[in-house]
2 protein chains.
Amino acid sequence: MADRKPTIIDVARAAGASIKTVSRVMNNERYVSAETRERVQRVMAELQFQPNKSAQSLKGDKSYLIAHVYGDPGGPYTGQIQMGLLTRFRDQGYHLLIEEIDYRGDDVEDRVSKLVNQLNLDAVVLTAPVTDNDTVISVIERANIPYVRVTPQHERDGGSSVRIDERAAANDLTMHLLAFGHRRIGFIKGPEHHAGTRLRYSGYCDALREYGLEPDPEIIEQGGFTYRSALPCTRRLLSLAEPPTAIVASNDEMAAAVLSVAHDRGLSLPGDLSVVGFDDIELAEMVWPPLTTVKQPIQELADAAAEILVNILTRKKQPGEPAPQAHRVLPHHVVIRRSTAPPARR
Amino acid sequence: MADRKPTIIDVARAAGASIKTVSRVMNNERYVSAETRERVQRVMAELQFQPNKSAQSLKGDKSYLIAHVYGDPGGPYTGQIQMGLLTRFRDQGYHLLIEEIDYRGDDVEDRVSKLVNQLNLDAVVLTAPVTDNDTVISVIERANIPYVRVTPQHERDGGSSVRIDERAAANDLTMHLLAFGHRRIGFIKGPEHHAGTRLRYSGYCDALREYGLEPDPEIIEQGGFTYRSALPCTRRLLSLAEPPTAIVASNDEMAAAVLSVAHDRGLSLPGDLSVVGFDDIELAEMVWPPLTTVKQPIQELADAAAEILVNILTRKKQPGEPAPQAHRVLPHHVVIRRSTAPPARR
DNA sequence: TGAAAACCTGACATCGTTATCTGATGCTTG
DNA sequence: CAAGCATCAGATAACGATGTCAGGTTTTCA
């Protein structure tokens, strides 16, 4: 006797029922007597029957696959999002596929299209920096599958989103420094195309204005969200005749770079220089001094994203109806650690 | 006219050929005249035809899906491995599925089995700490699909592996400290079940013995590969009557914890305490002082793993033949940064 | 009590590919 | 020139599930 994997036919034969009845049991459909149901279930367990997803996918419209599409090397943020998604999808029988997209490349459309159409994806999760990439989104929309964007820069029709209020968060962070008495506060921006860059910057500006200050271009630098990119920015800022007494970096990795340069110059931290980051990745707690930052509730964001999708997917899909959508803004909070203090007297 | 996705039948009709001929063109099979082939290809491009993977998978034995199975929250290491795998698989038309396994749970077998059998996986990549998990491996072997273990503790028959010589690497690292003149060198171990923990520890012991020293249990601590786990370890080590002048942490995250505790106590680094890590994750360069560590060539490991699998998968599979295997040991090297120096005179 | 409604069950078609087999053509070769 | 052999092409049957529909049984209720 061959030892191949059992199919629904084997189960049907062994249980003395039709394949359709077995199918009904599998999918918890109506119209199966309790007795038959139990008998079939027993046989399924005995044979260790596992339905073939390819066959289910071919016939039905579900593939049980959800893709996480992101850009750039990903970084720690990406990994945590995936963890959150995984734990939620796991119980619902969905599997997570990951796809890194070079959003600058010219094969973006092709890649995403292959992914979506060939694999019959059930849904897509987008994280930075492709959350706001029109090419990617339009391919997904054309395929008419639900998607969630995590921390997008703009809301838009047709998809769901989860995010925190980045502008308000950057505002809070800057206010924290202002309250300490800082008046000359430098800023290191993220890359232009990245979601969040603009919002974080305007939150910073808003806070300054509330104190009657105008942003000074001399102490505003353009970084790239990476450690390395912020090194030269910091060096320039600290070499000014009148250097800032505090620096707001647009993310934690850049804040870590600020710390390194400051250490290298023998500055005492946070006395000579206060530093704040953004995101509260693990790194924030591991550098010295540990960073004051805004916590991205990554776990919660991933949870919310997964929940939205699961809700949409488990709802019976009506043919004509457009994909439902949801937008959720989660609360943020500033985590105060030891990288901030009142400015030293001159 | 309905706007549904074109199938092979539509292509055949439009090209005036049979579906089998179209199939032959798609798979680059023989027995199609150059003229017919070109005509079919033109039509495929026009219709933007994309073969349905579910159908291919159902009929054939390929699913074009490869899973990365790992345990624990993953960490930065995991993300980088995935990046490496992705870039290699992408060009070959394979997609990467990720699955986090709670290797302590009792549903491990069930989870892995579902993954492998329901989705018809083509191959699996295993990273720590499931590289050495017998339950997981035996399920995969029973399904007779190729797999690669990344940095396993032991080699074993039946699968492939890629790794560096962790024992030799830990040895090199310790020798570096000994050469600086350190004689009292503390060690913080990783968790028991984790691959690498034992190897790194024995490399450390070997190095000591080469200098005629015996490992001293008093300055050997048990950590858990996390930042937090190493904090109390370090506090104890630095509170000893005769504290170590250098500490070898079994990975970079724990080394970062050593730095934090040392900073907190006002020690001057690396003068009062030399610290080394292991893995060379991004963090290693972002802390202060940047860590001397052993570089895990993650990119290369992932590349090698992907290459092995692609080789196996593109080779025609003979029914009876067991899965081929390969074992590769990649070169490592010690990255010397500013966290190590000769011990200060007492 | 009779008819309608709800409940079970199964035969068979179907999804979009690839594999098998069979047939038709042209070209070599003894 | 008949036989043999590569080469090309297509009709048809899988793969393993779900959907459709039809038939039989039981329950409901006017």
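Per chain, numbering begins at 1; letters A, B, ... match sequence-line order.
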Undergrad: dA9(D), dG16(C), dG10(C): which one has an atom nearest the side-chain heavy atoms of Ser18(B)?
TA: dA9(D)
Undergrad: Take atom NZ of Lys53(A) and atom P of dA17(D), then tell me their distance rounded to the nearest Å.
TA: 12 Å
Undergrad: If I take atom CG in residue Asn117(A) and atom P in nucleotide dG16(C), what distance separates them, rounded to the nearest angstrom?
TA: 13 Å
Undergrad: Rounded to the nearest 0.5 Å, what separation is found between the CG atom of Leu65(B) and the CG atom of Leu121(B)?
TA: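 If I round to the nearest 0.5 Å, the distance is 6.5 Å.
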Undergrad: Could you tell me the separation between the CD atom of Glu35(A) and the P atom of dC8(C), rounded to a whole number of Å?
TA: 12 Å
Undergrad: Go through dG10(D), dT17(C), dC15(C) for me and flag the one nearest to the Ala17(B) side chain.
TA: dG10(D)
Undergrad: Take a 6.0 Å sphere around CD of Gln48(A) and say whether it holds more than 12 heavy atoms from other residues, nucleotides or ligands.
TA: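 No, CD of Gln48(A) has 12 or fewer neighbouring heavy atoms, counting only those of other groups under 6.0 Å.
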Undergrad: Check the surroundings of atom CD in Glu46(B): do more than 12 heavy atoms from other residues, nucleotides or ligands lie under 6.0 Å from it?
TA: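 Yes, because the 6.0 Å sphere around CD of Glu46(B) holds more than 12 heavy atoms from other groups.
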Undergrad: Quick one: is dC8(D) close enough that its OP1 or OP2 comes under 4.0 Å of any side-chain N or O from Arg30(B)?
TA: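 No, because none of the side-chain N or O atoms of Arg30(B) sits under 4.0 Å from OP1 or OP2 of dC8(D).
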Undergrad: Please determine whether a side-chain nitrogen or oxygen atom of Thr7(A) lies at a distance below 4.0 Å from atom OP1 or OP2 of dG16(D).
TA: no
Undergrad: Would you say Glu109(B) has more than 12 foreign heavy atoms packed within less than 6.0 Å of its CD?
TA: no
Undergrad: Report yes if at least one side-chain N or O of Thr36(A) is closer than 4.0 Å to OP1 or OP2 of dT9(C); otherwise report no.
TA: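 Yes, because at least one side-chain N or O of Thr36(A) sits under 4.0 Å from OP1 or OP2 of dT9(C).
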Undergrad: Report each atom pair, protein N/O against N/O of nucleotides 19-23 of chain C, whose distance is under 3.5 angstrom.
TA:
unit_1: dA19(C); atom_1: N7; unit_2: Lys20(B); atom_2: NZ; d: 3.2

Undergrad: Distance check needed: dT18(C) C1' versus Asn52(B) CG, whole Å only.
TA: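 Interatomic distance, CG of Asn52(B) to C1' of dT18(C): 13 Å.
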Undergrad: Side-chain N or O of Thr21(A) versus OP1/OP2 of dG10(C): is the shortest distance under 4.0 Å?
TA: yes
Undergrad: Can you identify which nucleotide, out of dC15(C), dA17(D), dT9(C), has its nearest atom closest to the Leu58(A) side chain?
TA: dC15(C)
Undergrad: Residues in side-chain contact (heavy atoms from CB on, under 4.5 Å) with Ile19(A), at least two apart?
TA: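 Once residues adjacent in sequence are excluded, the partners of Ile19(A) under the side-chain contact (heavy atoms from CB on, under 4.5 Å) criterion are Ile8(A), Ile9(A), Ala12(A).
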Undergrad: Give the intermediate values and the outcome of salt bridge (charged side-chain N to carboxylate O under 4.0 Å, His left out) for residues Arg90(A) and Glu99(B).
TA: CA-CA 9 Å; Arg90(A) 156 187 319 172; Glu99(B) 190 78 8; 5.4 Å; no
Undergrad: Closest to the Phe49(B) side chain: dA17(D), dT7(D), dT17(C)?
TA: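 The listed nucleotide nearest to Phe49(B)'s side chain is dT17(C).
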